[in-house]
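Take a look at the structure set out below.
This chain uses plain numbering: 1 for the first residue, then up along the sequence.
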Amino acid sequence: MGQTFCIHCLGSSAMRTGEGFFSAWSELELEVYFCNPCVSVLAHIQANLEDDLVKEALKTGVDLRQYSKQVESELQRIEQASIKDYNQCNCSCPGSIYYFTCMRMEGMLSGFQSDLWSISSEIQTLQQQSVSMSVRLKNRQAVRSHLSQLVDELVVPGAMISTILDSPVTEQEFLEQLHELNNKINFAKELSFRETLACSDIQDIVDRLKLKAVSKIREFILQKIYSFRKPMTNYQIPQNTLLKYRFFYQFLLANERTVAKEIRDEYVDTMSKIYYSYFKSYSSRLLKVQYEEVADKDDLMGVEDTAKKDILHKSGFFSKPSLKSRNTIFTLGQRGTILSPAELEGPILVPHTAQRGDCRYPYETLFRSQHFGLLDNGCREFLFLCDFFMVTGNSALDLFNCIMGKTLAMFLKSMSTYVSDCYDSIAIFLCIHIILRFRAITAKRNIPVLDKYWDAVLELLWPRFELILEMNIHSIRSTDPQRLGVLDTRPHYITRRYAEFSSAIVSINQTFPNEKTHTLLGQLQVEVENFVLKMAAEFPSRRDQLIFLINNYDMLLGVLMGHADDDLCCVPVFWQEFIEEILSAPFGGMIAFVKEAEALMEKGQLDRLKNDEARITQLVRGFSSSWKQSVEAMSQEVMRSFTNFKNGTSIIQGALTQLIQYYHGFHKVLSQPTFRALTVRSELINLHHLMVEVKKHKPNF
């Protein structure tokens with residue numbers, strides 16, 4: 001290095017710092033020698049080392065500074081003792097032997113003290129030099145570390161150059177070297193900001209490698225994007241390939257934004273056309289497998305059922321009758337299975353396969369298939385955009401809309417056209433709940449890109465569903481019972497339509513209840529009840545009116561089951577009135593007598609019937625002779641009148657129970673003191689015997 005140092009100084013420092021000090025300085029290859037002060041000091045120290053006291057101190061291995069302090073204290077003690085002895089022996093006399101001894105000792109001690117002070121100062125000097133040399137060593141090591149890192153970052157190895165220039169971009173080695181190149185580009189930018197001169201040495205070669213890498217990456221990605229355009233291509237495969245090399249776009253975005261924008265624009269344009277073409281073709285082919293017979297504006301609840309008339313009005317006797325039945329328009333049937341998880345997220349329909357099998361589907365099935373395909377592709381596309389193009393938040397939404405916006409607009413336009421002429425309220429309602437469930441699926445997957453589209457679809461479907469429901473309400477309200485043909489006590493077809501429709505809507509609406517739907521169903525129920533009451537008023541006899549009311553309300557309860565409102569619980573009232581009606585014909589005289597007698601008993605005026613012996617005799621003998629025939633005829637009439645045998649059985653049981661109660665009341669009246677003397681009392685049928693006989697007439701179904 002061209003520097004020389006005193007070996008004695010280095011040796012003294014080594015005694016303090018250990019062997020590491022010599023190893024550190026030996027690496028620096030320094031030249032050493034003995035300086036003049038060190039030679040003089042060493043000679044003096046060597047002479048003193050022969051002293052016995054010094055030898056003893058060195059043997060014990062004590063610290064020289066501590067030992068010097070100990071010697072000083074010992075000398076002070078000896079000095080005090082000598083002074084004391086001198087004073088005692090009058091050693092101050094210059095001629096005495098003690099005087100010369102003390103002078104010689106004083107000179108020796110003074111010389112030894114000066115030697116100790118000289119060693120102490122030398123030790124302090126060596127300590128300062130050692131600290132200074134340690135600081136310089138640390139500084140040199142730090143500088144060496146920074147310079148090594150700088151040199152490593154600046155050097156462009158030959159392996160990187162050959163790999164970037166010659167290797168295909170799909171090889172792992174190219175990807176690794178591209179990462180290294182990206183780091184060197186960033187480091188060079190950082191050095192250029194600091195105005196480091198060494199940066200200019202590598203800037204040219206780094207720029208050339210960057211241009212070559214950008215060119216190869218651009219060509220590779222564009223080829224993958226162009227491969228999407230080939231017919232019958234599964235574009236998900238090249239998408240997965242691009243995801244493996246997502247760092248390519250990151251490199252372009254960091255170093256060549258113009259090329260990155262070109263690639264993104266090319267991808268957006270290509271995928272936008274692919275999705276639009278695919279879904280447009282798929283939607284048009286789906287409509288070819290829809291049912292040919294669909295609901296129209298005449299398919300309302302209050303419209304007269306003219307299915308039979310339609311057949312008779314065909315042009316020929318053997319003409320193919322229409323397959324359309326208005327009852328299926330208001331019945332859910334198996335259509336509700338479309339909302340089950342297995343059907344909702346099942347495979348989409350393949351139109352050409354359905355056409356070969358001559359299969360036809362309702363609109364909600366086609367709607368589900370179309371929108372599940374949209375959901376599946378939309379979610380996958382959004383995740384690809386976020387991963388490959390490194391976008392989040394509103395940027396990701398905007399990029400997705402650039403790709404899928406045209407397709408979504410096409411969906412909304414075609415749906416608006418179809419819905420504006422659709423009168424199948426159940427299909428519309430099923431489509432609404434399909435969208436509600438799809439929206440829940442995308443929310444669970446944390447995919448927000450289709451939220452606005454779901455809302456737009458619901459804004460199309462809800463008003464149409466409410467309009468169709470209001471049209472049905474109006475059709476029932478405006479129905480004239482006198483124009484519906486022959487009166488029939490069986491359940492009316494309008495009542496059945498309402499029951500089936502209301503049951504369908506309520507069952508669908510359970511998962512995502514809607515208050516507006518409940519309100520409209522309530523209005524529809526009020527109109528149906530009013531219609532049933534108006535129809536019942538057309539019957540001339542009260543018995544036929546009650547039969548009509550019971551049949552219709554029973555059918556409503558049977559279809560709606562637990563979904564019916566409390567207002568429909570008026571059926572038991574009609575039952576009781578009908579039981580009184582059918583009992584009044586064969587047993588009306590006895591019932592009237594029992595009611596009259598019980599009323600007089602409460603007033604204590606039963607004696608007013610004391611003279612009605614002939615009447616009582618006729619009632620007793622008439623009941624005994626004809627009650628079995630009357631009960632049998634009543635049972636047959638009830639079973640003929642009610643379409644629901646279970647309902648008819650319940651009415652018969654209620655009538656027989658009521659008959660026994662009336663006859664028990666008849667017994668009770670005749671057991672009063674006023675009538676005890678009547679001989680006809682012996683002809684009364686035993687109440688227990690009557691109950692046994694009545695059970696024989698109980699129908700079993």
Do the non-hydrogen side-chain atoms of Tyr361 and Cys359 ever get within less than 4.5 Å of each other? yes
Ignoring hydrogens, what is the shortest heavy-atom contact between Phe675 and Arg681? Give both atom names and the distance. O-CD, 3.0 Å
Name the residue from Gln523, Glu527, Glu529 that meets the side chain to side chain donor-acceptor pair (under 3.5 Å) definition with Gln525. Glu529
Find the distance between OG (Ser641) and CD1 (Ile582) and round it off to the nearest 0.5 Å. 8.5 Å
Criterion side-chain contact (heavy atoms from CB on, under 4.5 Å) on Gln290 and Thr365, from CA distance to verdict: CA-CA 9 Å; Gln290 185 184 0; Thr365 301; over 6 Å; no
Donor + acceptor pair across side chains of Glu343, Thr337 (<3.5 Å): no
Does atom CZ (Arg490) have a neighbourhood of more than 12 heavy atoms from anything else shown, all under 6.0 Å? no
Tell me whether the guanidinium CZ or amine NZ of Lys297 lies under 6.0 angstrom from the six-membered ring centre of Tyr423 and within 45° of its axis. no
Under the salt bridge (Lys or Arg N to Asp or Glu O under 4.0 Å) definition, can you give me all pairs with a residue in residues 439-453, not counting sequence neighbours? Arg439-Asp455
What pair of heavy atoms forms the shortest contact from Asn551 to Pro491, and how long is it? O-CG, 3.7 Å
Please, which pairs that meet ring-ring contact (aromatic ring centres under 6.0 Å, His included) have at least one residue in residues 466-487, sequence neighbours excluded? none
Trace of the side-chain hydrogen bond (donor to acceptor under 3.5 Å, both in side chains) decision for Arg437 with Thr511: CA-CA 9 Å; Arg437 284 161 173 78; Thr511 307; 3.0 Å; yes
Kindly check if the number of other-residue, nucleotide or ligand heavy atoms within 6.0 Å of CD (Glu613) is above 12? no
How many angstroms lie between atom CG of Leu678 and atom OG1 of Thr617, to the nearest 0.5 angstrom? 6.5 Å
Give a yes or no answer on whether the side chain of Ser369 reaches the backbone of Leu366 with a donor-acceptor pair at less than 3.5 Å. no
Classify the ring geometry of Phe438 against Phe372: parallel below 30°, tilted from 30° to 60°, perpendicular beyond 60°. tilted
Donor-acceptor pair, Arg621 side chain versus Ile616 backbone, under 3.5 Å? no
Counting only heavy atoms not in Gln334, do more than 12 fall under 6.0 Å of its CD? no
Look at atom CD of Gln618 and say whether more than 12 heavy atoms of other residues, nucleotides or ligands are closer to it than 6.0 Å. no
Between Trp462 and Lys516, is there a side-chain heavy-atom distance shorter than 4.5 Å? no
For the atom pair CG (Leu690) and NE2 (His667), what is the distance rounded to the nearest 0.5 Å? 7.5 Å
Contact between Leu533 and Leu549 at the side-chain level, heavy atoms closer than 4.5 Å - yes or no? yes
N/O donor-acceptor pair under 3.5 Å between Asn552 side chain and Phe548 backbone: yes
Any idea which heavy atoms bring Ile426 and Ala504 closest together, and the distance? CD1-CB, 4.0 Å
Does Arg464 reach the main-chain N or O of Val419 with its side chain, forming a donor-acceptor pair under 3.5 Å? yes
Partner of Met404 by side chain to side chain contact (heavy atoms under 4.5 Å, CB included), out of Leu374, Leu450, Asn377: Leu374
salt_bridge(Glu577, Arg542) N-O dist < 4.0 Å: yes
Backbone N/O of Ile660 and side chain of His664: donor-acceptor pair under 3.5 Å: no
Which distance, rounded to the nearest 0.5 Å, do you find between the CD1 of Ile329 and the CG of Asp299? 3.5 Å
Say whether, by atom type as modelled, one donor and one acceptor occur between the side chain of Ser630 and the main chain of Ser626 under 3.5 angstrom. yes
Walk me through it: do Leu670 and Val620 pass the test side-chain contact (heavy atoms from CB on, under 4.5 Å)? CA-CA 10 Å; Leu670 295 184; Val620 172; 4.1 Å; yes
Any salt bridge linking Glu596 with Arg615? Criterion: basic side-chain nitrogen under 4.0 Å from a carboxylate oxygen. yes
Does the pair Asn472 and Ser475 meet the rule for a side-chain hydrogen bond (donor to acceptor under 3.5 Å, both in side chains), with working shown? CA-CA 5 Å; Asn472 281 285; Ser475 68; 4.5 Å; no
Please examine the side chains of Lys288 and Gln355, heavy atoms only from C-beta on, and report whether any two atoms are closer than 4.5 Å. yes
Does a side-chain N-to-carboxylate-O contact under 4.0 Å join Asp424 and Arg335? yes
How are the rings of Phe330 and Phe501 set to each other: parallel, tilted or perpendicular (split at 30° and 60°)? perpendicular
Among Phe587, Phe666, Tyr662, ring-ring contact (aromatic ring centres under 6.0 Å, His included) partner for Phe623: Phe587
Using every non-hydrogen atom in the two residues, find where Ala427 and Glu364 come nearest and quote the distance to one decimal. CB-OE1, 3.4 Å
Residues Arg497 and Gly302: closest non-hydrogen pair is NH1-N, 4.4 Å
Just say parallel, tilted or perpendicular for the rings of Phe411 and Phe279, cut-offs at 30° and 60°. perpendicular
Could you grab the distance from atom CZ of Phe367 to atom CG of Leu430, nearest 0.5 Å is fine? 10.5 Å
To the nearest 0.5 Å, tell me how far Ser425 OG sits from Met471 CE. 10.5 Å
Answer whether the closest heavy-atom distance between the side chains of Val506 and Thr517 falls below 4.5 Å. no
Does some side-chain heavy atom of Val294 sit less than 4.5 Å from a side-chain heavy atom of Tyr363? no
Is the backbone N or O of Glu500 less than 3.5 Å from a side-chain atom of Ser503, with the two atoms forming a donor-acceptor pair by type? no
Within the side chain of Asn509, is there an N or O that forms a donor-acceptor pair under 3.5 Å with the backbone of Ile505? no
Any chance you could lay out the side-chain hydrogen bond (donor to acceptor under 3.5 Å, both in side chains) test for His492 and Tyr498, step after step, and finish with the verdict? CA-CA 10 Å; His492 200 275; Tyr498 163 73; over 6 Å; no
Could you check whether atom CG of Asn446 has more than 12 heavy atoms from other residues, nucleotides or ligands sitting under 6.0 Å from it? no
Judged by atom type as modelled, is there a donor-acceptor pair below 3.5 Å linking the side chain of Ser671 to the main-chain atoms of Lys668? yes
Please report the closest heavy-atom contact between Leu461 and Ile428, naming both atoms and the distance. O-CG2, 3.6 Å
